[in-house]
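Structure record follows, encoded as structure tokens.
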Amino acid sequence: MRLAAVSVRIVLPALLLGLAACAPAPIYKAAPGTLAATPSQVAQTPEQFSQGQVIWGGRVVGVHNLPDHSEIEILAYPLDSSQRPKFGNGGNGRFIALLPGYAEPMNYPNGAPITVAGQLAGSRAGKVGDADYVFPLVQTAQSHVWTAEEMRSGHPNISFGLGLGVGIH
């Protein structure tokens, strides 16, 4: 019995440490003063958040290329510790990522998970369907479209639990 208790004390912390190591590190370093506000909070009072740094993510809604820059509309979701969007609960509003030059729409397909880092650059009134909407604008310094493999990584296919199982043969 004593050997089992010692084994649990050694194996369990090692197992937990190993599982924690599975999660990838954040892709962008948050600068001091990076805003924790969501796009919907910024849209409500954009003047309070002018020029703030953000790291936001979500799903690509669409890409609009203009003569000198591109705009990617994004439905925001919270980010996990690796800065991947966490889908499941409702979104946190919408925002527009401003990118210099031309953004190939095939590289930013509708529905793709994305994370951007940049500086708030005001807001713009627009529409979502027929509804009026205020979009925070992010002058994007960096963006990352997540692959399906990247979205799965760090989520081990291991589960722990106690309980009874009933099987019918």
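Considering only heavy atoms from C-beta on, Pro113 comes within 4.5 Å of Phe87 through its side chain. With contacts defined as side-chain heavy-atom distances shorter than 4.5 Å, the pair Met151/Trp146 qualifies.
Atom-to-atom distance recorded for Leu79:CG and Lys86:NZ is 8.0 Å, nearest 0.5 angstrom. One distance of note links CZ of Phe95 with OG of Ser123; it measures 14.5 Å at 0.5 Å rounding. In this structure, Leu137 CG and Gln119 CD are separated by 12.0 Å, a value rounded to the nearest 0.5 Å. The CZ atom of Arg59 sits 14.5 Å away from atom CD of Glu73, with the distance rounded to the nearest 0.5 Å.
Counted by atom type alone, His144 and Glu150 present one or more donor-acceptor pairs between their side chains at under 3.5 Å. Side-chain contact, Thr115 with Trp56: no donor N or O sits under 3.5 Å from an acceptor N or O. A side-chain donor-acceptor contact under 3.5 Å links Asn65 and Ser70.
Scanning all heavy atoms of the two residues, the minimum distance from Val116 to Ala97 falls at CG1-CB, 4.3 Å. Pairing each heavy atom of Tyr77 with each of Gly88, the nearest pair is CE2-N, 4.5 Å. Scanning all heavy atoms of the two residues, the minimum distance from Ser143 to Tyr28 falls at C-OH, 3.0 Å. Shortest non-hydrogen contact noted between Leu75 and Gly93 is CD1-O, 3.5 Å. When all heavy atoms of Arg94 and Phe135 are compared, the closest pair comes out as CB-CE2, 3.8 Å.
Salt bridge Glu71/Arg124: present, at least one basic N to carboxylate O contact under 4.0 Å.
Between the side chain of Gln53 and the backbone N or O of Gly33, no donor-acceptor pair lies under 3.5 Å.
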Trace of the side chain to side chain contact (heavy atoms under 4.5 Å, CB included) decision for Val61 with Ile74
CA-CA 5 Å; Val61 175; Ile74 299 168; 5.8 Å; no
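Paired with Pro39 under the rule side-chain contact (heavy atoms from CB on, under 4.5 Å), one option of Val134, Leu120, Asn92 passes, and it is Asn92. When Thr38, Val138, Val42 are each tested for a side-chain contact (heavy atoms from CB on, under 4.5 Å) with Val54, only one passes: Val138. Screening Asn107, Leu99, Ile72, Asn110 against Val63 for a side-chain contact (heavy atoms from CB on, under 4.5 Å) leaves a single residue, Ile72.
Around the NZ atom of Lys127, the shell of radius 6.0 Å holds more than 12 heavy atoms that belong to other residues, nucleotides or ligands.
Cluster annotation: Leu98 is connected to Tyr133 through the hydrophobic network of ILVMFWY side chains, with a link wherever side-chain heavy atoms come within less than 4.5 Å. Placement of Ile96 and Ile114 in two distinct hydrophobic clusters is found when ILVMFWY residues are connected by side-chain heavy-atom separations under 4.5 Å, directly or transitively.
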